[in-house]
Asks: 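Just dropping this structure here.
Order of the sequence lines fixes the chain letters, A, B, ..., with proteins taken first and strands second; residue numbering starts at 1 for each chain.
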Amino acid sequence: MTDNAGEGKRDRAIPGQPDMWVLVLFEALVFTAYFAVYLYHRSADSELFLRSQAQLRPLFGTLDTLLLLTSSLFMLRCAQTARAGAHRTAMTSAYITAFLGVAFLISKITEWIMLVRGGHGFSSNDFFMYYFFLTGIHLLHLLIGFIAIGVIVYQLRGPARRSQELVETCAVYWHTVDLLWVLIFSLLYVVR
Amino acid sequence: MNTQPNRRPLIILLILSAITLGYLALDRSADSQGTFRASSVVTTIAILLALVKVRFIFREFMQVRNAPALLCRLTDLWVLIIGAALLGSYFSGLAVH
Amino acid sequence: MRRADGELILFWTLPALAVLWISAFFLFPGFVHPMSPSMTAAQVADFYRDPAKLSRIRYSMILFNWFGVGLVPMLTLLVMQIKRMAHRTPILSYCLLGCIAGGPTVFLIADLFWLLAAFAPGRDPQLTVLLNDLAWMTFTTAVPFLIGQSLIIALAIYLDRPDRPVFRRWVAHFNVVIAAALVPAAFTGLALSGPMAWNGLLPFWLKNLAIAAWIVVMSIVLGRNIYRQRAEGSARPVTEQTVAA
Amino acid sequence: MSWRNNSKRELWLAWYSMIAFYNIFVIVFFVLTHAQPPPYPYWSDAQVVFWFSHNRGGLLTGFAIMFALAGLTLPANALIAYSIRRMSVSRAFAYSYLVIYSLAALPGMLLLCVVLSVGAMRPDRDPVLIHWLYDFAFLSYVGTMGIFLIGSLVWMLAILLDKNRVLPKWFGYLNLCNALTEVVVSPAWIFHRGVLDWNGLISWWLNMVVFGIYTSAFIMLLRNMIQREDFGDGPLPTHQLAGTAR
């Protein structure tokens with residue numbers, strides 16, 4: 001497989017530490033297992049799941065997805081501009097990513113509060129158990145993602161400690177949060 | 001740096017957003033007047049579209065496109081594994097119940 | 001040179017602990033003639049309801065509570081001795097530190113159950129039996145950390161330099177014997193009467209005598225070491241020491 | 001190989017203790033006592049009493065073995081604490097790990113052993129009380145999350161910050177995966193049935209798979225670490241009054 005001429009040899013490298021990819025692929029498998037259990041269980045009681053699913057607001061889910069996808073775009077910008085040496089621009093992108101992440105966080109918590117007010121809590125029924133479990137464990141990953149952004153900003157700030165590898169490692173983590181949400185969104189909000 | 005590599009992610013984002021919005025239309029086709037109806041077709045399409053998005057994220061956002069072939073294959077394999085597990089569990093659930 | 005100040009003070013808390021320990025042991029009416037696990041619920045309830053016994057149970061267990069934690073400084077002094085031995089890694093002193101955290105905690109939980117049973121002896125006898133069982137089982141089977149610490153001390157001594165040992169060889173052999181004497185207590189759940197029951201010969205008398213012997217013997221060798229090391233320390237020129245924490 | 005002159009003997013002893021402990025753990029918990037995989041949280045009093053009487057011998061023997069040998073966890077934890085001490089991070093990491101895991105044995109294992117032994121001891125006890133013991137045992141065992149959560153995070157942080165490359169970074173990240181399973185198990189305190197209860201498909205089975213991978217990984221990595229260790233053949237450190245540089 002030969003490279004197209006425009007991209008240098010440098011680009012053939014694994015983005016970030018290869019070690020982070022172990023985490024990414026491992027967590028992807030763990031989540032796949034959660035999803036498989038959920039989908040299998042879903043068809044056991046599809047009536048209840050559909051009825052409960054109707055209580056969700058698809059707009060929240062869609063908005064969350066768009067927020068995270070856009071944040072991923074800015075995270076990519078951040079990694080690319082950092083590589084090009086434009087650290088100030090990269091930092092701005094990192095801040096925008098974090099801002100979009102916070103927007104997601106607020107949207108998610110608002111949705112939770114509305115559901116709980118409506119009488120749908122973690123232990124209300126099986127659907128909401130899965131709903132709160134999956135969104136909750138995903139939100140935990142997002143919070144860890146903020147630490148990753150913090151590491152990126154810390155790296156970009158000091159000229160002495162700039163490590164492109166670490167920036168890309170954290171970026172890979174952030175995209176994983178996005179990737180998992182895309183799956184969760186379609187499994188909780190869209191499937192019928 | 002020319003503008004070429006910068007426009008590409010934006011296009012990807014637009015595609016991904018379009019798929020996301022497309023979900024809403026997909027659901028509308030299955031539901032009748034606010035009552036949700038079970039539909040294997042919708043479920044299958046939703047899972048497949050999610051996998052397409054996942055592959056886009058791997059390839060473009062996570063820059064696997066430019067990574068060594070091994071990582072490309074590995075992430076593709078993962079998309080297949082996730083797809084097989086999701087569809088497999090869904091349909092085996094349907095078959096059992 | 002960093003002087004090992006204060007070790008002697010910690011060491012000389014031992015007589016006070018010994019007083020606590022002996023008085024608590026004889027004060028608790030369930031130890032001198034250890035309570036049998038085959039007592040009926042009514043008998044156990046009566047044991048805690050007897051006003052004369054009740055106050056002895058409470059006061060003795062309060063004393064035991066102090067005693068259990070009071071041993072920690074003495075055990076830590078043993079860690080300091082292991083740190084002096086000729087080992088390449090701190091693993092054995094880490095192990096002993098772990099024992100020190102675990103042992104007294106288990107003992108405290110047993111103490112807690114006894115005190116709970118005695119707090120409201122008017123409870124349903126079934127509940128009193130339950131708390132009494134939990135107390136005795138926790139107390140009797142609380143040997144893993146004790147076995148662990150004896151074996152770790154023994155191992156540490158065996159791996160020390162033979163020409164200038166911190167502890168003599170026989171201390172290691174002694175610790176192995178103690179560890180072996182503690183093992184039967186782990187199996188006390190299997191018997192409600194006889195020599196293996198929690199009031200029997202092996203889990204009660206042998207185990208507690210072994211613990212008593214261990215505390216006495218280890219205190220003596222520890223005290224001798226501390227005094228000897230202080231004497232060596234004051235005799236040694238200061239420049240010889242390179243100290244790192 | 002001369003035992004006396006093997007400079008890594010303390011490390012190897014600790015490593016073999018670790019292997020021994022996990023083997024004994026599997027035999028006691030999975031084979032003898034049937035405490036793992038855990039029985040169901042939604043059982044009635046009668047079912048719980050039957051479980052105790054059915055497993056009586058195994059429970060009492062198995063946990064007796066555990067009481068005698070649980071001390072083997074200490075060298076295992078000490079070895080991990082030592083791995084952290086070898087890293088270019090503050091000693092605070094190693095000490096935190098050591099303290100956290102020394103306490104872990106109690107709620108994470110020994111309480112279950114004592115409480116189930118008490119339950120098995122008297123089959124004629126009031127079934128309500130036996131059921132209480134049963135809940136106590138399994139919830140304390142499965143629901144001791146904080147210790148393993150924080151412990152894994154301490155180890156993770158040490159590995160990721162380390163510049164001596166004592167353990168690979170991917171294992172640092174794997175610690176995060178293990179820590180997350182401890183979050184996943186916490187709903188066991190809420191649910192009596194389903195995939196998140198104390199023997200649930202997600203909160204127990206899946207977590208057990210992750211824990212198994214994690215444990216095998218660190219057993220192998222610690223072995224590699226010991227093999228790489230180079231103490232040389234120099235003389236052993238001599239006595240120093242004020243403690244040595246170790």
Asks: So, for A:His120 and A:Tyr131, is the gap between ring centers shorter than 6.0 Å?
Replies: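 No.
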
Asks: Classify the ring geometry between A:Phe132 and A:Trp112 as parallel (under 30°), tilted (30 to 60°) or perpendicular (over 60°).
Replies: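 Rings of A:Phe132 and A:Trp112: tilted, as their planes differ by 30° to 60°.
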
Asks: With a 4.5 angstrom heavy-atom cut-off, which part of A:Arg77 approaches chain B: side chain, backbone, both or neither?
Replies: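 Interface part for A:Arg77: side chain.
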
Asks: Any chance the rings of A:Phe31 and A:Tyr34 have centres within less than 6.0 Å?
Replies: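 Ring centres of A:Tyr34 and A:Phe31 closer than 6.0 Å.
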
Asks: Are A:Leu59 and A:Leu63 close enough, and set up right, to give a side-chain contact (heavy atoms from CB on, under 4.5 Å), and what steps lead you there?
Replies: CA-CA 6 Å; A:Leu59 268 179; A:Leu63 175 73; over 6 Å; no

Asks: Of all the residues in residues 167-192 of chain A, which have a heavy atom that comes within less than 4.5 Å of a heavy atom in chain B?
Replies: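 Result: A:Val172, A:His175, A:Thr176, A:Asp178, A:Leu179, A:Val182, A:Leu183, A:Phe185, A:Ser186, A:Leu187, A:Tyr189, A:Val190, A:Val191, A:Arg192.
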
Asks: Taking atom CE of A:Met75 and atom CD of A:Gln80, what is their separation to the nearest 0.5 Å?
Replies: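 The distance works out to 12.5 Å.
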
Asks: Decide if the gap between the ring center of A:His138 and the ring center of A:Phe104 is smaller than 6.0 angstrom.
Replies: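 Yes.
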
Asks: Do the side chains of A:Glu111 and A:Arg57 get close enough for a salt bridge, i.e. N-O under 4.0 angstrom?
Replies: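 Not counted as a salt bridge, because no side-chain N and carboxylate O are separated by less than 4.0 Å.
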
Asks: For chain B, which of A:Leu25, A:Leu69, A:Thr81 has the most heavy-atom pairs under 4.5 Å?
Replies: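 Of A:Leu25, A:Leu69, A:Thr81, A:Leu25 has the most heavy-atom pairs under 4.5 Å with chain B.
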
Asks: I'd like to know if the side chain of A:Ser46 and the backbone of A:Arg42 have a donor-acceptor N/O pair within less than 3.5 Å.
Replies: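 Not a single qualifying donor-acceptor pair exists.
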
Asks: Which one wins on heavy-atom pair count under 4.5 Å against chain B: A:Asp45, A:Val24, A:Thr62?
Replies: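 Looking at each option in turn, the highest pair count goes to A:Thr62.
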
Asks: Pick one of side chain, backbone, both or neither for A:Val37, based on which atoms fall under 4.5 Å of a heavy atom in chain B.
Replies: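 Contact with chain B: none, neither part.
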
Asks: Can you tell me how far apart OG1 (B:Thr44) and CZ (B:Phe91) are? Round to the nearest 0.5 Å.
Replies: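 Rounded to the nearest 0.5 Å, the OG1-CZ separation comes to 3.5 Å.
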
Asks: Between B:Ile12 and chain A, with a heavy-atom cut-off of 4.5 Å, which part of the residue counts as in contact: side chain, backbone, both or neither?
Replies: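 Neither part.
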
Asks: Using a 4.5 angstrom heavy-atom cutoff, name the option from A:Leu66, A:Leu29, A:Thr65 with the most pairs to chain B.
Replies: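 Between A:Leu66, A:Leu29, A:Thr65, the count favours A:Leu29.
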
Asks: Can you name the residues of residues 48-55 of chain B that have some heavy atom under 4.5 Å away from a heavy atom in chain A?
Replies: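 Within residues 48-55 of chain B, the residues under 4.5 Å from chain A are B:Ala50, B:Lys53, B:Val54.
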
Asks: Is B:Ile82 close to chain A through its backbone or its side chain, or both, or neither, when contacts mean heavy atoms under 4.5 Å?
Replies: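 Both the backbone and the side chain of B:Ile82 come within 4.5 Å of chain A.
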
Asks: Identify which part of B:Val96 has an atom lying under 4.5 Å from any heavy atom of chain A, answering side chain, backbone, both or neither.
Replies: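 Only the side chain of B:Val96 comes within 4.5 Å of chain A.
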
Asks: How many angstroms lie between atom OG1 of A:Thr70 and atom CG of B:Leu13, to the nearest 0.5 angstrom?
Replies: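 These two atoms lie 5.0 Å from each other.
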
Asks: Under 4.5 Å from any heavy atom of chain A, what part of B:Leu94 do you find: side chain, backbone, both or neither?
Replies: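 It is both, since atoms from each part get that close.
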
Asks: Among the options B:Ile45, B:Val42, B:Leu71, pick out the one with the most heavy-atom pairs lying under 4.5 Å from chain A.
Replies: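 Highest number of heavy-atom pairs under 4.5 Å: B:Leu71.
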
Asks: Report yes if some heavy atom in the side chain of A:Phe128 is under 4.5 Å from a heavy atom in the side chain of A:Gln55; otherwise report no.
Replies: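 In contact.
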
Asks: Checking B:Leu26 against chain A: side chain, backbone, both or neither under 4.5 Å from a heavy atom?
Replies: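 Side chain only.
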
Asks: What about the rings of A:Phe146 and A:His141, do their centers lie closer together than 6.0 Å?
Replies: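 For A:Phe146 and A:His141, the ring centres are not under 6.0 Å apart.
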
Asks: As an exercise, state the distance from CD of B:Glu60 to CG of B:Leu16, rounded to the nearest 0.5 Å.
Replies: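 Between B:Glu60 CD and B:Leu16 CG, I get 9.0 Å after rounding to 0.5 Å.
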
Asks: What I'd like to find out is whether the side chain of A:Leu105 reaches to under 4.5 Å of the side chain of A:Ile109, using heavy atoms alone.
Replies: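 A:Leu105 reaches A:Ile109 side chain to side chain.
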
Asks: For the residue pair A:His41 and A:Tyr130, does the interplanar ring angle fall in the parallel (under 30°), tilted (30 to 60°) or perpendicular (over 60°) class?
Replies: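 Aromatic pair A:His41/A:Tyr130 classed perpendicular.
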
Asks: Determine the option with the most heavy-atom pairs under 4.5 angstrom with chain B, choosing from A:Ser72, A:Ala79, A:Ala33.
Replies: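 Of A:Ser72, A:Ala79, A:Ala33, A:Ser72 has the most heavy-atom pairs under 4.5 Å with chain B.
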
Asks: Relative to chain A, which of B:Ala85, B:Ser17, B:Ala38 shows the most heavy atom pairs under 4.5 Å?
Replies: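 Looking at each option in turn, the highest pair count goes to B:Ala38.
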
Asks: Any salt bridge linking B:Asp76 with B:Arg59? Criterion: basic side-chain nitrogen under 4.0 Å from a carboxylate oxygen.
Replies: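 Looking at B:Arg59 together with B:Asp76, the answer is yes, because their closest N to O distance falls below 4.0 Å.
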
